[in-house]
Amino acid sequence: MFEDSSFKEDVFKKFGSFRDTIGVLEKQYNIAPTLNIAIYTNTKVYTYSHFGLIPSWASAGSSMQINARSESVYEKSSFKEAYRQRRCLVPLNGYFEWVKDPVSKKSQAHFIVSTSGDYFVFAGIYESWYDNKLKKTILTCAVLTTEPNNTIAELHNRMPVILESDKWDLWLNNRSDFRELNTLFIPINSDKIRYFRVGEAVNSVKNRGEECIKEVTETVPRQGTLF
DNA sequence: CCAGACGTTGTT
DNA sequence: GTCTGG
DNA sequence: CCAGACGTTGTT
DNA sequence: GTCTGG
């Protein structure tokens with residue numbers, strides 16, 4: 001996430017004024033689990049949130065989950081309450097998938113973006129959790145997943161639930177019918193999404209800059225044959 | 001009743 | 001916190 | 001997700 | 001191999 005101004009404009013147009021605790025977004029090209037990710041909550045707050053949902057009852061952060069399967073989110077104890085009461089939008093300019101080469105065991109990262117050049121909004125859930133180390137309550141969140149469309153199936157067997165703006169209100173509204181929410185849990189159309197290979201920078205959380213989404217076209221150097 | 005689990009993805 | 005299993 | 005660590009007692 | 005940290 002590195003450019004959130006059009007998302008904020010779109011949220012304002014759709015829902016009116018909201019509380020913005022972020023202000024000027026810190027550009028982030030590699031949001032690993034545990035790092036801060038921007039979310040827009042069903043309580044009209046735009047805020048950073050710890051990427052990786054920790055149930056309120058969990059004593060340590062070890063039970064953190066970055067994804068929740070949309071097929072079962074309504075029944076899992078870790079997600080149930082968040083799903084019922086704390087849904088959010090997760091705006092992102094793109095996301096990554098890694099494909100592991102079975103021979104070299106190396107992971108090739110891909111950056112996935114919208115074909116329209118627009119940002120994505122993922123369906124998210126969030127939770128408050130008291131951090132004993134920081135001695136304060138933090139927000140944590142997870143992204144819902146579904147089966148992949150044809151484009152993403154080339155990379156992976158799951159993909160995030162992506163919401164177009166006409167679905168935002170249904171997702172966030174506390175009065176929404178749960179049967180209707182289920183209609184959102186489908187992959188976005190294949191032609192609305194594309195991807196390209198990126199370099200190794202994104203593989204390390206130390207790298208958080210623009211180099212993480214730089215396209216690489218050359219193929220991975222072939223491994224030398226032994227003997 | 002109490003104890004124990006509570007999750008996903010990817011890989012095998 | 002809440003559900004499941006015993 | 002990937003990268004990087006992974007340990008204690010005793011001695012200095 | 002498996003866990004932790006980011």
Side-chain angles (χ1 to χ4, degrees), chain A residues 1-2 26-38 48-87 90 92-113 120 122-134 137-149 152-162 178 185 187 195-209 211-214 216 220:
Chain A
M1 187 49 162
F2 45 86
E26 188 178 337
K27 292 183 195 298
Q28 237 290 37
Y29 297 84
N30 190 4
I31 305 177
T34 73
L35 299 183
N36 278 333
I37 190 169
Y48 285 122
S49 164
H50 170 106
F51 181 38
L53 186 140
I54 305 170
S56 59
W57 42 262
S59 50
S62 53
S63 50
M64 160 193 109
Q65 298 296 131
I66 60 173
N67 294 127
R69 291 177 65 89
S70 59
E71 297 90 333
S72 55
V73 66
Y74 71 97
E75 62 177 358
K76 298 293 184 182
S77 18
S78 293
F79 303 138
K80 202 175 199 170
E81 282 310 302
Y83 172 62
R84 290 209 284 236
Q85 302 178 45
R86 288 176 293 277
R87 298 188 294 273
V90 186
L92 291 164
N93 297 113
Y95 74 102
F96 299 99
E97 287 292 2
W98 282 263
V99 177
K100 189 166 276 184
D101 183 311
V103 179
S104 68
K105 308 275 189 188
K106 294 270 185 181
S107 287
Q108 169 66 58
H110 302 77
F111 190 52
I112 299 157
V113 294
F120 290 130
F122 293 172
I125 54 178
Y126 67 99
E127 197 53 89
S128 292
W129 181 71
Y130 183 75
D131 186 330
N132 267 314
K133 281 183 188 165
L134 299 178
T137 299
I138 63 169
L139 289 185
T140 71
C141 69
V143 166
L144 272 69
T145 62
T146 185
E147 58 189 11
N149 61 28
I152 297 305
E154 296 165 12
L155 303 176
H156 203 51
N157 65 344
R158 300 291 292 171
M159 75 179 290
V161 172
I162 299 175
F178 288 109
F185 300 156
Y195 64 85
F196 53 86
R197 302 153 62 105
V198 294
E200 294 183 2
V202 69
N203 292 358
S204 172
V205 294
K206 285 179 286 190
N207 303 320
R208 312 252 177 101
E211 69 274 18
C212 293
I213 62 168
K214 190 165 187 285
V216 295
V220 178

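Reckoned from all heavy atoms, side chains included, excluding hydrogens, waters and symmetry mates. Residue numbers start from 1 in every chain, and the chains themselves are labelled A, B, ... in the order their sequence lines are given, proteins ahead of strands.
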Here the gap from Trp129(A) atom CH2 to Thr137(A) atom OG1, rounded to the nearest 0.5 Å, amounts to 10.0 Å
Within the structure shown, what part of the strands sits under 4.0 Å from Asn157(A) by heavy-atom distance: base, sugar-phosphate, or nothing?
sugar-phosphate
query: Contact class for Phe79(A) (heavy atom, under 4.0 Å): base, sugar-phosphate, or nothing?
result: sugar-phosphate
When pairs are called at under 3.5 Å and a stem needs at least three consecutive Watson-Crick or G-U pairs, the stems of DNA chain B are B:1-6 with C:1-6
Sort me out a list of protein N/O and nucleotides 1-6 of chain E N/O pairs below 3.5 Å, or just none if empty.
unit_1 : atom_1 : unit_2    : atom_2 : d
dG6(E) : O3'    : Arg208(A) : NH2    : 2.4
dG6(E) : N9     : Thr34(A)  : OG1    : 3.4
dG6(E) : N7     : Pro33(A)  : O      : 3.3
dG6(E) : N7     : Thr34(A)  : OG1    : 3.1

If you look only at distance, which donor and acceptor atoms sit under 3.5 Å apart when one is on a side chain in residues 94-103 of chain A and the other is two or more places apart or in another chain?
unit_1    : atom_1 : unit_2    : atom_2 : d
Trp98(A)  : NE1    : Asn203(A) : OD1    : 2.7
Asp101(A) : OD1    : Val103(A) : N      : 2.6
Asp101(A) : OD1    : Ser104(A) : N      : 3.1

* **Student check: side-chain heavy atoms of Phe51(A) and Leu35(A) closer than 4.5 Å** => no
Rounded distance in Å between the [atom1] positions of [N] and [M]:
N       : M       : atom1 : answer
dG7(D)  : dC6(B)  : C1'   : 31 Å
dT2(E)  : dT11(B) : C1'   : 15 Å
dT12(D) : dT8(D)  : C1'   : 16 Å
dG10(D) : dC3(E)  : C1'   : 28 Å

*Do Tyr48(A) and Glu26(A) get their side chains close enough for a donor-acceptor pair, meaning under 3.5 Å?*
no
* Asked: Angle class for the Phe111(A)/Phe196(A) ring planes (parallel below 30°, perpendicular above 60°, tilted otherwise)?
  -> perpendicular
For Gln85(A), the side chain to side chain donor-acceptor pair (under 3.5 Å) test, sequence neighbours excluded, returns Glu81(A)
Residues at least two apart in sequence or cross-chain that pass side chain to side chain donor-acceptor pair (under 3.5 Å) with Thr145(A), listed by chain then number, are Arg158(A)
Donor-acceptor pair, [X] side chain versus [Y] backbone, under 3.5 Å?
X         : Y         : value
Arg86(A)  : Glu127(A) : no
Asn149(A) : Pro187(A) : no
Arg208(A) : Val205(A) : yes
Thr140(A) : Ile54(A)  : yes

Contacted region of DNA chain D by chain A, from 5' end to 3' end of the hits, cut-off under 4.0 Å to heavy atoms, spans dC1(D) to dG4(D)
